[in-house]
Novice: 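Sending over a structure as C-alpha cells; questions will come in a sec.
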Amino acid sequence: MSDQAFYSGLQSKLETLRTEGLFKPERVIASRQGSEVVSQDGRTLINMCANNYLGLSGDRETSDAAAAALEKYGYGLSSVRFICGTQTVHKELEQKLSEFLGTEDTILYAAAFDANGGVFEPLFDENDAIISDALNHASIIDGVRLCKAARYRYANNDMADLEKQLVAATEAGKRHKIIVTDGVFSMDGTIAQLDKIVALAEKYGALTMIDESHASGFMGKTGRGTHEHCGVIGKIDIITGTLGKALGGAMGGFTSGRKEVIETLRQKSRPYLFSNTLAPMIAGASLAVLDRISKSTELRDRLMDNTAYFRKEIERIGFTIKPGTHPVVPVMLFDAPIAQKFAARMFELGVLLSGFFYPVVPMGQARVRVQLSAAHTREQLDTVLKAFEQAGKELGILKNQ
Ligand SMILES: *Cc1c(COP(=O)(O)O)cnc(C)c1O
C-alpha cells in the first residue's frame, strides 16, 4: 500500500478508457438466462446477445440434469484430475464428446480458454510451425505465445495467403506444420472454408486444428460442427471447443482428436495438470445436453429457421448485414457514435444487444451484433424487428428511407 503511483496510474488508465468510450460496463440480469431476461431494474428485455444458440442455458431440463449430477456426485472434487478428481461422469462426457465430434478421444478443461492455452506447448516446439488465421480467438493467440514454434499468420479466411504461409513454413524446413482457425469467427459470423483448408493441409503435409466454440451443437445437418457443415468430419486433427455456449452455457472446454494427442495433453498440458477438475454437475448437464441433441435436431433446426427468418426480414426493413447463414448476424451501422446511439435506443425499446466499434472491429465497420437462439419465438423476433425499424427510422439510417 506504499506505492501510490501504481494506483493513480491505474486510475488514469481507467479514466482514459471511459473518455475514449472503450470502458465495458457489466449489465446485471436478475433472472435466468434466456430469450427474455429480467434486468436489475425489473424491466423484461428480449435478449439478442447471448451465445445461447440452442436456448439451453436457462432451460429447465439442463438445470434438472445439473441438479441430478449434483446430487449423485456432489458439489466438487477439491482435486486435479490425475490425483483424485476424475469421476465416471467425466469419463462418460469425454467419450460422448468424442462420439459426437467423430474423434478418438477428448480431454476436458475448465474453459475453452484453457483448452487453447494448453494445446500447443505440449505438442510443438521450435522445429515446428503454427499457421494461424489473423482473426483467431484471443485464447489461441495466447496459447501460441506459450509455445516455441515459429508463428505464421494469414489474413482472415484468405486461402491464397494461407498457401503462401504454408510455402514459407515448408521452405523454412519446419518439421510439423499446423493450420489453426476458428471454425466460425464470432464478430462476422464467417464460416471457415474447412474443405479448402483440408485440401491445402493435404497438399503441404500439414495438420489442422479448429476452435468450435461458435459451432459445436448446431453447425452442420446434425449439429456436430463446422467440420460437418464443410463435409470434412474425420479430417481435422484437433478440435477445441466450449461447453459454455450452445452446449449448456455454464462453463468448461475440451480438446478432441487422436488418442496419442489427447494422452500427451493429459500428461503435459499445464491448465489440465495444475487446475481443478470440471464441476461434476457441469459434466452431468453437458452429457444430458449431448444426449438430447444427438437424438433430435429439433433445436438446431429451429435455430437455423430463426436465423434465416431474421436475416431475410432485417434486410427487407432496410438494414445492411454481413451476408451469411450463421446465427451471428452483424447489422452494419458503420459509424461508431450511431452504433452507440442505436444500441442505447434498442435498450430503451426493450431489446438487449451489443454494439461493436473500433478497435474491436476495423474503423468504419461499427455494428450491432444480433445472435439468434432456438429459444426465440417468432413473436419475439417480430417485436425485435419492429424495434429495429423504429430505431432505424428515428436515426434516419434505413436504406429505403
Ligand atoms: C468463447 C470462445 C472461447 C472461450 O471459451 P470459454 O469456454 O468461455 O473459455 C474460445 N474460443 C472461441 C473461438 C470462443 O468464441
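For ligands, and for the atoms within them, numbers begin at 1 and follow the listed sequence. All heavy atoms count here, side chains included; hydrogens, waters and symmetry mates do not. If you're wondering where the values come from, they're calculated on a predicted model, not measured in any experiment.
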Novice: For ligand 1, which atoms sit closer than 4.0 Å to a heavy atom of Gly252?
Specialist: 7 (O)
Novice: Suppose we measure from atom 11 (N) of ligand 1 to each protein heavy atom; which comes out shortest, and what is that distance?
Specialist: Asp211 OD2, 2.6 Å
Novice: Taking distance alone, with no angle check, do Lys245 and ligand 1 share an N/O pair under 3.5 Å?
Specialist: yes
Novice: For Gly241, is the nearest heavy atom under 4.0 Å from an atom of ligand 1?
Specialist: no
Novice: Checking the N or O distance criterion of under 3.5 Å, is ligand 1 in contact with Thr242?
Specialist: yes
Novice: Ala111 to ligand 1: N or O pair under 3.5 Å?
Specialist: no
Novice: Quick test of your reading of the model: are Arg311 and Glu315 salt-bridged, counting only N-O distances below 4.0 Å?
Specialist: no
Novice: Does some non-hydrogen atom of Glu212 fall short of 4.0 Å from ligand 1?
Specialist: no
Novice: Using non-hydrogen atoms of the residue, decide whether Ser139 is closer than 4.0 angstrom to ligand 1.
Specialist: yes
Novice: I want to know if ligand 1 touches Gly244 in the polar sense, i.e. an N/O pair below 3.5 angstrom.
Specialist: no
Novice: Does ligand 1 have a heavy atom under 4.0 Å from the side chain of His214, from its backbone, from both, or from neither?
Specialist: side chain
Novice: Heavy-atom distances under 4.0 Å decide this one: backbone, side chain, both or neither, for Ala112 against ligand 1?
Specialist: both
Novice: Evaluate the side-chain contact (heavy atoms from CB on, under 4.5 Å) criterion for residues Leu56 and Leu247: first the C-alpha distance (whole Å), next the side-chain angles of each, then the deciding distance (0.1 Å), finally the verdict.
Specialist: CA-CA 7 Å; Leu56 296 172; Leu247 299 178; over 6 Å; no
Novice: As a quick check of understanding, evaluate side-chain contact (heavy atoms from CB on, under 4.5 Å) for Thr277 and Leu108, giving each step before the final call.
Specialist: CA-CA 8 Å; Thr277 195; Leu108 298 175; over 6 Å; no
Novice: Output the list of atoms in ligand 1 that are nearer than 4.0 Å to some heavy atom of His137, sorted by atom number.
Specialist: 2 (C), 3 (C), 4 (C), 10 (C), 11 (N), 12 (C), 13 (C), 14 (C), 15 (O)
Novice: Taking the six-membered ring where the residue is Trp, are the ring centres of Phe254 and Tyr109 under 6.0 Å apart?
Specialist: no
Novice: Might you confirm whether atom CZ of Arg32 has over 12 heavy atoms from other residues, nucleotides or ligands at distances under 6.0 Å?
Specialist: yes
Novice: With heavy-atom distances below 4.5 Å as the criterion, would you say the side chains of Ile293 and Phe218 are in contact?
Specialist: no
Novice: Of the protein's non-hydrogen atoms, which lies at the shortest distance from atom 9 (O) of ligand 1, and what is that distance?
Specialist: Phe113 N, 2.9 Å
Novice: Tell me, please, whether Phe356 has Arg367 positioned over its six-membered ring: NZ or CZ under 6.0 Å from the ring centre and within 45 degrees of its axis?
Specialist: no
Novice: Under 4.0 Å between a Lys/Arg side-chain N and an Asp/Glu carboxylate O for Lys221 and Glu228?
Specialist: no
Novice: Suppose we call two aromatic rings close when their centres sit under 6.0 Å apart. Are Tyr272 and Phe82 close by that rule?
Specialist: no
